[in-house]
Undergrad: 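What follows is a structure written as structure tokens; I'll ask about it next.
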Amino acid sequence: MPNKSLVTGLMSGSSLDGVDLVCCEIFPGNGTWNYSIVAAETPPYPEQLKTKLTEACHWTREKMQSLDLELGRHYANLLNDFHSRYKLKPELISSHGHTILHEPHLGITFQAGNGAVIARETGVTVVNDFRREDVAQGGQGAPMVPIGDRLLFGEYQGCLNLGGFANISYEDGQGLRRAYDIGPANMALNWIAGLEGHEYDNNGELARSGRILEDLLEKMNSLEYYGKPLPKSLGREWFLASFLPLLMQKKPASADLMATTAEHIAIQLARGINAAELKSVLVTGGGALNQNLLERLQPYTRAQIVVPELKVLHFKEALVFALLGLLRIRGEINCLASVTGGQKDLSVGYIHT
């Protein structure tokens with residue numbers, strides 16, 4: 001394995017805002033890893049495919065498998081176009097795919113986007129399906145990003161990602177990496193924005209115009225998940241079964257619903273940051289662009305909130321998955337039991353050549 005590797009990472013998050021593609025040079029440092037982003041973009045999903053991904057958790061196994069193949073072909077087409085336009089020849093594609101099912105307590109997790117199809121149609125070695133092996137050993141299979149937080153962004157005490165869900169990663173007092181899903185983020189905010197015909201709440205403007213509904217806020221903060229011990233993780237199933245019914249209980253103004261949900265998210269983010277006693281937190285993901293959300297967070301915590309340059313903000317998770325794939329090819333640990341609750345650290349991901 002050469003000292004410097006050119007790897008493309010692919011990530012599709014639960015907010016379904018598109019497919020994050022990032023091609024980067026990755027090279028080892030002194031006990032850490034360094035990176036340089038060569039090219040990055042987020043092509044949106046075609047509406048028909050986006051609808052399928054939204055509904056797929058209710059489908060039969062056969063229909064999900066068909067979608068897995070379709071998504072693999074779609075990803076391969078995106079990757080071939082991406083590599084061609086930027087004149088890239090990566091040695092590896094590391095694909096998270098898109099999570100259709102994630103119920104680790106039942107031993108179930110499924111990230112669609114067939115790796116064998118991607119490898120065949122791109123001619124590049126592919127690593128994918130990172131979660132299944134850890135779930136098989138009793139782990140949550142999530143979050144996967146924290147080892148990348150340690151190896152690529154170790155100068156920050158903690159890393160907070162605001163995607164469809166909010167998740168946090170940090171080193172505890174014993175030097176072990178800890179991480180978990182805090183609660184909903186963009187998945188909830190975007191659903192409310194959809195009531196007004198928008199994809200998202202630009203800069204939190206809708207939230208700013210609303211008032212906080214204290215009774216609803218109390219119900220949100222009282223959800224059972226928040227009291228559960230680590231390790232724990234969330235999937236779309238939880239949002240549909242536990243959070244969405246709260247949004248639909250009444251018929252308040254969309255602005256009030258947005259203001260209340262944003263306040264709820266800020267409170268839960270602060271609880272996670274403060275419980276870990278963090279002084280500096282790197283915040284990435286699409287939610288980091290929501291100025292209102294960050295403003296609502298700041299009064300609840302003394303931690304320094306650091307928002308990085310846009311490429312890192314948008315593509316950090318795809319970048320980390322590029323590293324996870326490279327670690328898998330090298331046979332090195334890329335899944336931490338201290339994070340997932342699995343029996344032992346693993347080198348996970350299925351390799352397709």
Side-chain angles (χ1 to χ4, degrees), residues 12-18 45 50-51 53-58 98-100 102-103 142-143 160-168 180-228 232-273 283-297 300 317:
S12 175
S14 52
S15 57
L16 276 171
D17 53 358
Y45 278 109
K50 187 174 179 178
T51 299
L53 293 172
T54 301
E55 298 173 350
C57 63
H58 304 296
H98 186 81
T99 301
I100 300 297
H102 185 66
E103 299 181 272
L160 181 66
N161 187 71
L162 303 179
F165 294 100
N167 50 66
I168 193 169
Y180 63 98
D181 288 335
I182 291 178
N186 296 341
M187 186 176 288
L189 299 176
N190 293 354
W191 184 89
I192 301 167
L195 298 176
E196 297 297 314
H198 303 300
E199 288 192 14
Y200 58 92
D201 185 14
N202 188 33
N203 285 327
E205 292 171 3
L206 184 62
R208 289 183 203 276
S209 68
R211 63 185 181 88
I212 295 169
L213 306 172
E214 295 293 343
D215 58 336
L216 179 58
L217 181 62
E218 183 178 351
K219 289 178 182 177
M220 289 178 171
N221 287 330
S222 300
L223 284 168
E224 180 185 5
Y225 176 80
Y226 300 128
K228 288 185 175 181
K232 58 183 179 179
S233 60
L234 291 168
R236 184 172 180 81
E237 303 84 2
W238 177 87
F239 175 76
L240 295 175
S242 298
F243 201 84
L244 187 57
L246 292 180
L247 299 180
M248 300 176 69
Q249 264 186 3
K250 297 181 178 180
K251 298 289 183 182
S254 299
D256 296 345
L257 201 56
M258 187 71 82
T260 304
T261 303
E263 193 75 8
H264 164 70
I265 293 170
I267 290 170
Q268 295 304 325
L269 294 180
R271 285 180 179 175
I273 293 169
V283 184
T284 57
L289 296 172
N290 188 323
Q291 290 300 315
N292 176 71
L293 184 59
L294 296 187
E295 289 169 10
R296 296 312 310 147
L297 168 62
Y300 290 113
E317 286 202 303

Undergrad: Could you walk me through whether Leu160 and Thr284 pass side chain to side chain contact (heavy atoms under 4.5 Å, CB included), step by step?
TA: CA-CA 6 Å; Leu160 181 66; Thr284 57; over 6 Å; no
Undergrad: Minimum heavy-atom separation for Ala166 to Ala185, with atom names?
TA: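 That closest heavy-atom pairing would be N-CB, 3.9 Å.
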Undergrad: For Ile265 and Leu297, run side chain to side chain contact (heavy atoms under 4.5 Å, CB included): C-alpha distance rounded to whole Å, both residues' side-chain angles, the deciding distance at 0.1 Å, then the answer.
TA: CA-CA 8 Å; Ile265 293 170; Leu297 168 62; over 6 Å; no
Undergrad: Which atoms form the tightest heavy-atom contact between Asn292 and Ala262, and what is the distance?
TA: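 That closest heavy-atom pairing would be ND2-CB, 4.0 Å.
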Undergrad: Counting N and O atoms only, with roles assigned by atom type, does the side chain of Lys232 sit under 3.5 Å from a partner on the main chain of Tyr225, one being a donor and the other an acceptor?
TA: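 Answer holds: yes.
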Undergrad: For a 4.5 angstrom cut-off between non-hydrogen side-chain atoms, does Leu223 reach Leu246?
TA: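 Side-chain contact under 4.5 Å: yes.
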Undergrad: May I have the step-by-step check of side chain to side chain contact (heavy atoms under 4.5 Å, CB included) for Ile192 and Leu247, ending in yes or no?
TA: CA-CA 8 Å; Ile192 301 167; Leu247 299 180; 4.2 Å; yes
Undergrad: Answer whether the closest heavy-atom distance between the side chains of Leu16 and Leu53 falls below 4.5 Å.
TA: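 They are in contact (side-chain heavy atoms under 4.5 Å apart), so the answer is yes.
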Undergrad: Within the 4.5 Å heavy-atom criterion, are Ile182 and Leu269 side-chain neighbours or not?
TA: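 Result yes, sub-4.5 Å side-chain heavy-atom pair found.
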Undergrad: To the nearest 0.5 angstrom, please state how far the CG atom of Asn186 sits from the OH atom of Tyr200.
TA: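 Answer rounded to 0.5 Å: 11.0 Å.
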Undergrad: Evaluate Asn190 against Glu199 for side chain to side chain contact (heavy atoms under 4.5 Å, CB included), listing each step before the verdict.
TA: CA-CA 6 Å; Asn190 293 354; Glu199 288 192 14; over 6 Å; no
Undergrad: Taking atom CZ as the centre, does Phe239 end up with more than 12 heavy-atom neighbours from other residues, nucleotides or ligands that are less than 6.0 angstrom away?
TA: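 Enclosed: over 12 neighbouring heavy atoms sit under 6.0 Å from CZ of Phe239.
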Undergrad: First locate atom OG1 of Thr260, then atom CG of Leu216, and finally report the distance between them rounded to the nearest 0.5 Å.
TA: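 Taking OG1 in Thr260 and CG in Leu216, the distance rounds to 5.5 Å.
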Undergrad: Might you point out which heavy atoms bring Ser222 and Glu218 nearest each other, and give the distance in Å?
TA: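 Minimum heavy-atom contact is OG-O, 2.7 Å.
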Undergrad: Do Leu244 and Trp191 touch side chain to side chain, with heavy atoms closer than 4.5 Å?
TA: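 Yes - at least one pair of side-chain heavy atoms lies under 4.5 Å apart.
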Undergrad: Are any side-chain N or O atoms of Thr261 and backbone N or O atoms of Leu189, one a donor and one an acceptor, separated by less than 3.5 Å?
TA: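 Checking the backbone N and O of Leu189 against the side chain of Thr261, no donor-acceptor pair under 3.5 Å is found.
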Undergrad: Once you round to the nearest 0.5 Å, how far does CD1 of Ile168 lie from CZ of Arg271?
TA: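 Reported value, rounded in 0.5 Å steps: 13.5 Å.
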Undergrad: Side-chain contact test, heavy atoms from C-beta onward, threshold under 4.5 Å: evaluate it for Leu240 versus His58 and give yes or no.
TA: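 Heavy-atom side-chain distance check passes, below 4.5 Å.
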Undergrad: Would you say that Leu257 contacts Leu195 through its side chain, given a criterion of any heavy-atom pair below 4.5 Å between the two side chains?
TA: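 Yes. Closest side-chain heavy atoms under 4.5 Å.
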Undergrad: Is the backbone N or O of His102 less than 3.5 Å from a side-chain atom of Glu237, with the two atoms forming a donor-acceptor pair by type?
TA: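 Here the side-chain-to-backbone pair exists.
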Undergrad: Can you say whether the rings of Tyr45 and His98 are parallel (under 30°), tilted (30 to 60°) or perpendicular (over 60°)?
TA: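 Aromatic pair Tyr45/His98 classed perpendicular.
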Undergrad: If only atom types and distance count, is the side chain of Asp181 paired as donor or acceptor with the main-chain N or O of Leu234 below 3.5 Å?
TA: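 A pair under 3.5 Å: yes.
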Undergrad: Under 3.5 Å, is there a donor-acceptor pair linking the side chains of Gln268 and Tyr300?
TA: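 Distance-only check fails for Gln268 and Tyr300.
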Undergrad: Nearest 0.5 angstrom please: Ile212 CD1 to Leu217 CG, how far?
TA: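 With rounding to 0.5 Å, CD1 (Ile212) is 6.5 Å from CG (Leu217).
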Undergrad: For residues 205-216, which residue pairs pass the side chain to side chain donor-acceptor pair (under 3.5 Å) check, not counting sequence neighbours?
TA: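 Listed once each, the pairs are Arg208-Glu295, Asp215-Lys250.
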Undergrad: Between Met248 and Phe243, is any pair of side-chain heavy atoms under 4.5 Å apart?
TA: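 When only atoms from C-beta onward are counted, Phe243 and Met248 do not touch, as no gap falls below 4.5 Å.
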Undergrad: Could you tell me if the side chain of Arg236 sits less than 4.5 Å from the side chain of Thr54, heavy atoms only?
TA: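 In contact.
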Undergrad: Can you check whether Ala193's main-chain N or O pairs, donor with acceptor, with Asp201's side chain at less than 3.5 Å?
TA: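 Checking the backbone N and O of Ala193 against the side chain of Asp201, no donor-acceptor pair under 3.5 Å is found.
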